[in-house]
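Written below as structure tokens is the structure these notes are about.
Here, residue 1 is the first one in the sequence, and each next residue gets the next number.
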Amino acid sequence: MGPTITAIVAMGALGLGLSVVLGVAAKVFYIYVDPRIGAVTDVLPGANCGGCGYAGCSDCAAAIVEGKAPVNACKAGGAGTAAAVAQVLGVSAAVGEREVARIFCKGDSAKAERKFKYMGINDCRAAMLVSSGDKSCSYGCLGLGTCVANCPFGALSMGEDGLPKVDDEKCTACGTCVKVCPRHIPKVVPVSQKAASLCSSHDVGKLVKEICDAGCLGCGLCKKACPEKAIEIVKFLSVVDAKKCTGCGACFEKCPTGIIQSLVFTVV
């Protein structure tokens with residue numbers, strides 16, 4: 001047998017041996033993956049926005065299939081995705097109420113005082129590292145657009161007044177803007193909520209007057225005016241109970257700073 005034939009036989013034997021080893025390893029280390037996880041992943045939006053509370057769509061799909069999350073866990077997908085997931089699993093979809101993000105601060109560049117001029121990285125989280133931000137109100141929107149930059153659906157934009165704006169049509173209520181905002185100014189609210197105090201400050205009224213023309217003073221006039229008893233003052237901030245509020249507008253007229261406003265949405 002010549003050296004060439006010997007080499008061919010040796011390589012063939014080596015290849016056969018390795019094939020056997022790989023085959024055995026595949027059997028020994030095989031982990032079963034429910035094929036429904038892939039099917040559910042395919043009907044999810046694939047945005048990996050984290051609005052469901054999981055690291056990504058595949059993790060969400062696995063949780064749904066394993067019964068650790070409901071079929072409507074994907075907020076970004078909404079009712080349509082929930083129905084598709086339910087069809088894959090052969091169950092009924094529980095469709096919850098649509099939600100939309102709202103910006104709970106009206107202290108724009110003309111109404112809110114600033115302690116100093118911030119000239120650092122254009123990110124609210126970075127700005128917070130410099131004396132807790134340049135805004136005098138320690139609860140107000142810093143206006144650097146971190147929520148806008150991180151919205152996976154392009155539903156946010158910065159207004160000329162220095163505050164983010166929400167596009168109701170594009171917002172999926174995934175909650176990404178809430179998570180990335182160091183002051184949690186955006187909040188996700190049910191579409192049926194008719195009014196809210198669009199302020200996040202818990203400072204006393206005297207301080208609010210000094211640093212912001214659009215802050216809640218915690219005066220309680222709105223609470224007294226509400227015929228439905230839907231407003232409570234929580235740590236100097238008026239909070240509207242969405243379940244009780246009828247949107248009658250009595251509080252709008254009494255609020256001295258106009259911070260309680262209608263939340264009648266343009267889409268349903």
On a heavy-atom basis, the closest approach of Ile260 and Phe252 is O-CD2, 3.3 Å
What residues form a side chain to side chain donor-acceptor pair (under 3.5 Å) with Ser197, not counting sequence neighbours? Ser238
Minimum side-chain heavy-atom gap Val191-Glu99 below 4.5 Å: no
For a 4.5 angstrom cut-off between non-hydrogen side-chain atoms, does Val204 reach Val208? no
Short N-O contact, Asp134 and Lys115, less than 4.0 angstrom: no
Spell out, as yes or no, whether a donor-acceptor pair under 3.5 Å connects the side chain of Arg125 to the backbone of Pro182. no
Would you be so kind as to tabulate the donor-acceptor pairs closer than 3.5 Å made by side chains of residues 36-46, with sequence neighbours excluded?
| unit_1 | atom_1 | unit_2 | atom_2 | d |
| --- | --- | --- | --- | --- |
| Arg36 | NE | Asp34 | OD1 | 3.2 |
| Arg36 | NE | Asp34 | OD2 | 3.1 |
| Arg36 | NH2 | Asp34 | OD2 | 2.9 |
| Thr41 | OG1 | Ile37 | O | 2.7 |

Report the residues that fulfil side-chain contact (heavy atoms from CB on, under 4.5 Å) with Pro35, sequence neighbours left out, ordered by chain and then residue number. Tyr32
Please go through Val178's hydrophobic cluster and name the other residues, only I, L, V, M, F, W, Y counting, with side-chain heavy atoms under 4.5 Å joining them. Val188
I'd like to check the side-chain contact (heavy atoms from CB on, under 4.5 Å) partners of Lys223; sequence neighbours left out, ordered by chain and number. Ile231, Glu232, Ile233
Asp168/Arg98 ion pair, N-O < 4.0 Å: no
Output all residues satisfying side-chain contact (heavy atoms from CB on, under 4.5 Å) with Thr246, sequence neighbours left out; order by chain, then residue number. Glu228, Cys248
